[in-house]
Structure formats: C-alpha cells, structure tokens
Amino acid sequence: MRIHTKDFRVREGDEVHLEKWPTKVDPVYKSKDQYKSLLEEHVAKLSAMQRLHHASDRHAILLIFQATDAAGKDGAHPARDVRR
C-alpha cells in the first residue's frame with residue numbers, strides 16, 4: 001500500500017479549503033484481517049516517527065481525523081509534552 005502524502009500535506013502559508021478535499025477514498029485492504037495487519041503496521045510506524053520528532057524538538061505533526069460517529073477517533077490521544 002502506498003499513500004501519496006503530498007496529497008495531504010499543507011505547507012506553512014498555504015490556504016486550506018477542506019470542502020474541496022475528498023471525503024471518501026477507495027479501500028486499501030481486501031479483508032478485515034488485512035486491515036488489522038495494515039493498521040498495526042502503520043500505528044507502529046507512526047509511533048516511531050512521533051518519538052523521533054518529539055526527541056528532535058523541532059517539528060510538529062497535526063493529524064486531522066474525519067470519520068462518522070463511533071469510528072474510533074476517540075482512541076487517538078495527543079502526545080503529552082513531558083517537559084512541562
């Protein structure tokens with residue numbers, strides 16, 4: 001699976017018009033088992049990147065989740081700033 005991040009990246013100073021962004025994309029998995037496997041893999045990668053960015057203390061990541069109610073968005077918790 002390959003997601004083209006440039007389709008979702010917003011640079012400083014760019015104007016964002018969310019109404020122009022698609023709200024539905026084709027599934028990238030063929031079964032629930034494949035979905036669970038992909039999810040675990042991507043959560044691990046995202047977690048590793050978050051630790052690296054937090055350690056560098058130079059970058060920030062903003063993730064916007066769009067989904068229907070009961071889609072699991074509540075399970076995404078923000079990283080805590082341990083310096084405070």
Exercise. Would you please name every residue forming a salt bridge (Lys or Arg N to Asp or Glu O under 4.0 Å) with Lys45, sequence neighbours left out?
Key: Glu41

Exercise. Name all residues meeting the side chain to side chain donor-acceptor pair (under 3.5 Å) criterion together with Arg11; count only those two or more places apart in sequence or in a different chain, and write none if there are none.
Key: none

Practice problem: Go through the structure and list residues passing side chain to side chain donor-acceptor pair (under 3.5 Å) with Ser47, not counting sequence neighbours. | Solution: Arg51

Quiz item: Leu52: what forms a side chain to side chain contact (heavy atoms under 4.5 Å, CB included) with it, not counting sequence neighbours?
Solution: none

Quiz item: What residues form a side chain to side chain contact (heavy atoms under 4.5 Å, CB included) with Val43, not counting sequence neighbours?
Solution: Leu39

Practice problem: Could you list the residues that satisfy side chain to side chain donor-acceptor pair (under 3.5 Å) with Gln34, not counting sequence neighbours? | Solution: none

Self-check item: Set of residues satisfying side chain to side chain donor-acceptor pair (under 3.5 Å) with respect to Glu19, sequence neighbours excluded
Solution: none

